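In what follows, a structure is listed as structure tokens, so that the remarks can point back to it.
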2 protein chains.
Amino acid sequence: MPHAAAATPQLLRRVNAQAVLRHIRGAEVATGTELMALTGLTRASVIAVCEDLISRGWIVEQDQPTDPGNPRKGRPARRFAFNREAGFVLGLDIGAATTTAAVADLRGTVIGRSSGSFRAADIPAQERIGVVDLACRQALEAAGADPGRVLAVGAGIAAPVDRDGNVLVTQRFWSLFDVGLRSALKELHGWTVLLENDANLAALGERWRGSGVGVDDLVVLLAGERLGAGVMESGRLLHGRGGAAGEMGYLDMVEGVGSSDGIAALVRQWSAAGGGPSAGGPASAPRVFADAAAGDAAALAILDRISERMARVIASIASLINPEQVVIGGAVAESAGALLPGITALLPRFTATPPRVTVSPLGDAIVTAGAVRHALDYVEAHALELALPAPA
Amino acid sequence: MPHAAAATPQLLRRVNAQAVLRHIRGAEVATGTELMALTGLTRASVIAVCEDLISRGWIVEQDQPTDPGNPRKGRPARRFAFNREAGFVLGLDIGAATTTAAVADLRGTVIGRSSGSFRAADIPAQERIGVVDLACRQALEAAGADPGRVLAVGAGIAAPVDRDGNVLVTQRFWSLFDVGLRSALKELHGWTVLLENDANLAALGERWRGSGVGVDDLVVLLAGERLGAGVMESGRLLHGRGGAAGEMGYLDMVEGVGSSDGIAALVRQWSAAGGGPSAGGPASAPRVFADAAAGDAAALAILDRISERMARVIASIASLINPEQVVIGGAVAESAGALLPGITALLPRFTATPPRVTVSPLGDAIVTAGAVRHALDYVEAHALELALPAPA
DNA sequence: GGCAATATATTTAGCTTGTATCTAAATTAC
DNA sequence: GTAATTTAGATACAAGCTAAATATATTGCC
């Protein structure tokens with residue numbers, strides 16, 4: 001502890017401005033009287049704070065509404081509204097093969113989106129960054145947003161990321177990418193890039209606009225070729241020492257199942273063994289589900305095995321973390337609905353504290369939604385330190 | 001959000017007083033100049049804060065030391081010291097069969113200790129409370145501490161306890177006990193009782209004065225008849241929705257091992273199968289270790305199985321939480337040292353992020369140490385709200 | 001013993017942010 | 001047009017902090 005930031009009178013203004021801004025952000029429009037009731041401040045202080053926020057560009061004063069049949073007595077209140085276009089945020093989903101960028105205003109409404117693919121898995125970092133940058137610029141253009149007014153960029157990658165946004169160095173590939181991406185986007189556009197694990201962002205997204213809204217103890221399983229968990233406890237993301245919390249690739253070994261890519265491996269086994277009525281095509285989860293729906297015994301058996309596997313994984317999470325809810329997301333989510341009854345029925349056999357299990361409604365957007373939320377969290381936490389660029 | 005506590009000028013004093021008090025608590029003695037450097041406040045403010053803390057009884061001003069050969073130039077600084085006897089805390093370990101109470105001063109030095117046993121497992125709550133209360137009073141008497149000056153009581157029980165200190169209602173027995181204990185001690189002595197899960201307290205203790213000092217991502221396994229984990233992530237205890245985080249009784253099922261009491265079960269199997277050279281006596285972990293040390297093959301095989309079992313459990317924790325360190329505590333800890341090399345060697349087979357594994361040095365005191373720490377945390381967080389009773 | 005040097009303590013004036021209270025302004029209802 | 005109502009703004013003052021000037025207690029040197 002070299003210098004534990006003394007609390008000066010300015011701290012009060014910061015705290016109170018944050019509280020006022022938080023409320024205005026959540027409401028359509030707010031009046032001084034409302035803010036007094038909410039913050040406990042006097043009118044004088046509330047007005048002073050609002051003037052302050054207006055001069056900083058975070059809120060705007062609205063005109064009086066043209067009396068829509070609900071006449072209010074007394075002097076009309078000044079109406080303060082959050083300036084949702086004070087700036088923008090970017091949310092990136094950077095996968096192994098593709099990348100997606102979403103632009104959102106400060107309320108989180110996505111107003112632009114664009115994707116790009118990597119030519120190959122082993123392209124140089126510079127080219128990778130170029131693809132990501134292009135997706136960002138295209139998304140911004142689609143949104144009609146000036147790149148200079150991007151306040152933060154949330155980016156999800158399929159690798160462990162620690163609390164400080166550093167990629168675990170054991171993963172050479174991602175490590176190089178990390179360093180390049182952050183400094184490149186900083187240099188090209190001046191953006192602050194917040195790296196996070198994709199499953200962690202999925203958890204943020206799910207709690208924000210998915211099936212876990214308002215759930216403080218939430219786990220999101222991002223299941224596809226890889227199996228990652230985003231764990232929130234008491235509303236906070238868990239990272240662990242090196243950011244590898246939720247990296248369950250190895251969990252199979254603990255359970256003695258074998259291969260480390262779980263569901264995809266089971267599907268491949270099934271396909272290799274001849275598959276069902278739809279045999280012949282490439283192995284895919286939707287095919288299994290389709291065949292099972294058609295009554296194919298082999299496909300049904302696979303579904304049973306997958307259900308039990310998922311139940312065991314969820315149960316081990318339940319024993320260690322005791323979440324209120326587990327959300328299944330990622331590539332398998334669209335088909336996973338059919339598995340829910342089976343999983344739910346099995347859970348009590350494996351854990352004393354079975355969570356509610358649901359399927360993500362966010363589809364492909366689960367990581368970008370979380371990335372947007374992550375960037376917004378940063379902007380909201382640092383609102384009073386950020387200098388807003390003048391609107392175009 | 002009915003009323004989000006406005007930040008008034010008084011808040012500044014609270015914040016600064018907390019910072020000053022925190023430093024004085026950690027140091028032997030502090031001067032104004034030191035506190036200025038540390039907090040960033042001016043001398044005038046530091047002195048004002050100290051005067052305030054003196055009047056509240058939290059710190060005392062010491063006389064000048066009688067120059068022990070190190071002469072200091074200039075006007076001698078006023079010397080402020082933490083008043084470690086401003087009050088006391090109690091730390092309780094309430095087990096199924098016995099209970100232990102420890103009294104500590106506000107620096108955490110234990111100055112009194114006492115234990116008691118329950119006559120039977122099914123005695124009425126009132127009798128149970130009586131045993132606990134007696135242990136508390138005896139410990140206080142041994143410490144020469146006035147029960148009226150106990151500022152908080154930390155209590156560990158072998159049941160899930162949620163963030164608010166409520167016992168999970170599915171556990172009827174503990175639930176009744178909970179309500180009775182808290183209100184009884186409040187009524188008898190006016191004490192504030194902070195209930196926590198025993199494994200969670202073990203984690204607090206281990207991070208405070210055990211083998212995990214300074215480790216923010218720490219898991220403590222409290223292993224004996226029961227297996228519980230206390231999980232700290234980023235320096236915070238994990239509870240989960242109902243406080244059942246770390247309740248791993250069921251984890252065995254997930255792994256397909258079978259019985260839920262792990263090590264103890266293995267030892268019993270061994271004993272039932274004839275045991276080693278020390279055969280005949282009751283099954284016990286120390287016997288297995290002694291026989292293994294004597295070269296007995298059956299005992300060695302059991303140790304191998306136990307090691308692998310522990311490694312699998314630790315690996316599943318590592319995959320989900322990624323702790324920096326896992327500490328083995330509880331009844332098996334005294335013998336567990338011999339298992340460490342085996343466990344450590346196995347871990348990389350089961351997880352990509354193996355934690356450091358150590359054995360607790362705290363022995364029986366692991367839970368009471370954590371209970372004391374828990375009570376101190378409460379006192380430190382609420383120092384400026386607590387009215388200190390006048391010293392005897 | 002007296003005096004400079006040094007480090008700390010205390011005092012005074014002023015800034016920021018808050019509260020409390022009084023007066024002014026803008027609107028509706030009659 | 002006037003009263004009632006609600007919000008805005010202004011004025012006085014309190015808490016807490018900073019900054020700068022002044023006072024105090026000690027060491028070290030002559």
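Keep in mind that what you see is a predicted model, and the values were worked out from it rather than measured. Side chains are part of it too, since the values below use all heavy atoms of this structure and drop only hydrogens, waters and symmetry mates. So you know, we letter chains A, B, ... as the sequences are listed, proteins then strands, and number each from 1.
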(request) Write down the distance between CG (Asn16(B)) and P (dT16(C)), rounded to a whole number of angstrom. (result) 18 Å
(request) On DNA chain C, check which nucleotide each of Gly74(A) and Arg79(B) is closest to and give me the residue with the more 5' one. (result) Arg79(B)
(request) Look at all strands and tell whether Arg43(B) reaches a base, only sugar-phosphate, or nothing, counting heavy atoms closer than 4.0 Å. (result) base
(request) Would you mind reading off the distance between Glu34(A) atom CD and dA8(D) atom P, rounded to a whole angstrom? (result) 11 Å
(request) Show the numbers, then the answer: is there a side-chain contact (heavy atoms from CB on, under 4.5 Å) between Leu12(B) and Leu12(A)? (result) CA-CA 8 Å; Leu12(B) 298 180; Leu12(A) 299 180; 3.9 Å; yes
(message) Can you measure Arg14(B) atom CZ to dA15(D) atom C1' for me and round it to whole angstrom units?
(response) 14 Å
(message) Just the rounded figure in Å: distance from C1' of dA9(C) to CD of Glu61(B).
(response) 11 Å
(request) Verify the neighbour count for atom CD of Glu28(A): are there more than 12 heavy atoms of other residues, nucleotides or ligands below 6.0 Å? (result) no
(message) Tell me which one of Arg56(A), Arg13(A), Arg78(A) satisfies salt bridge (charged side-chain N to carboxylate O under 4.0 Å, His left out) with Glu51(A).
(response) Arg78(A)
(message) Checking contacts here: which listed nucleotide (dT27(C), dA9(C), dG18(C)) is nearest the side-chain heavy atoms of Pro76(A)?
(response) dT27(C)
(request) Taking only the side-chain nitrogens and oxygens of Thr42(B), find out if one of them lies under 4.0 Å from OP1 or OP2 of dA19(D). (result) no
(request) Choose from dT19(C), dG28(D), dA29(C) the nucleotide whose nearest atom is closest to any side-chain atom of Lys73(A). (result) dA29(C)
(request) Nearest whole angstrom, please: distance from the P of dC17(D) to the CZ of Arg13(A). (result) 18 Å
(message) Please compare Ala77(B) and Leu11(A) by the position of their nearest nucleotide in DNA chain C and report the one closer to 5'.
(response) Ala77(B)
(request) Find the distance Leu53(B):CG to dG16(D):P and express it as a whole number of Å. (result) 13 Å
(request) Between Arg75(B) and Phe80(A), name the one whose nearest nucleotide on DNA chain D is closer to the 5' end. (result) Phe80(A)
(message) With a 4.0 Å limit, can you tell me whether Ser45(B) has a side-chain N or O closer than that to the phosphate oxygens OP1/OP2 of dT18(D)?
(response) yes
(request) Evaluate the side-chain contact (heavy atoms from CB on, under 4.5 Å) criterion for residues Thr33(A) and Arg43(A): first the C-alpha distance (whole Å), next the side-chain angles of each, then the deciding distance (0.1 Å), finally the verdict. (result) CA-CA 7 Å; Thr33(A) 307; Arg43(A) 172 162 262 118; 2.5 Å; yes
(request) Compare the minimum distances between each of dT16(C), dA19(D), dG18(C) and the side chain of Gln10(A), then state the nucleotide with the smallest one. (result) dT16(C)
(message) Tell me whether the side-chain N/O atoms of Arg78(A) come closer than 4.0 Å to OP1 or OP2 in dG9(D).
(response) yes
(request) Considering only NZ, NE, NH1 and NH2 on the basic side and carboxylate oxygens on the acidic side, decide whether Arg79(B) and Asp63(B) come within less than 4.0 Å. (result) no
(message) Let's see if you can work this out: which of dC17(D), dA19(D), dG9(D) has an atom nearest to the side-chain heavy atoms of Ala44(B)?
(response) dA19(D)
(message) Nearest whole Å is fine: how far is dA15(D) P from Asp52(B) CG?
(response) 12 Å
(request) Round to a whole Å and report the spacing from CE of Met36(B) to P of dA20(D). (result) 13 Å
(message) Reading DNA chain D from 5' onward, which residue's closest nucleotide shows up sooner: Thr8(A) or Thr31(A)?
(response) Thr31(A)
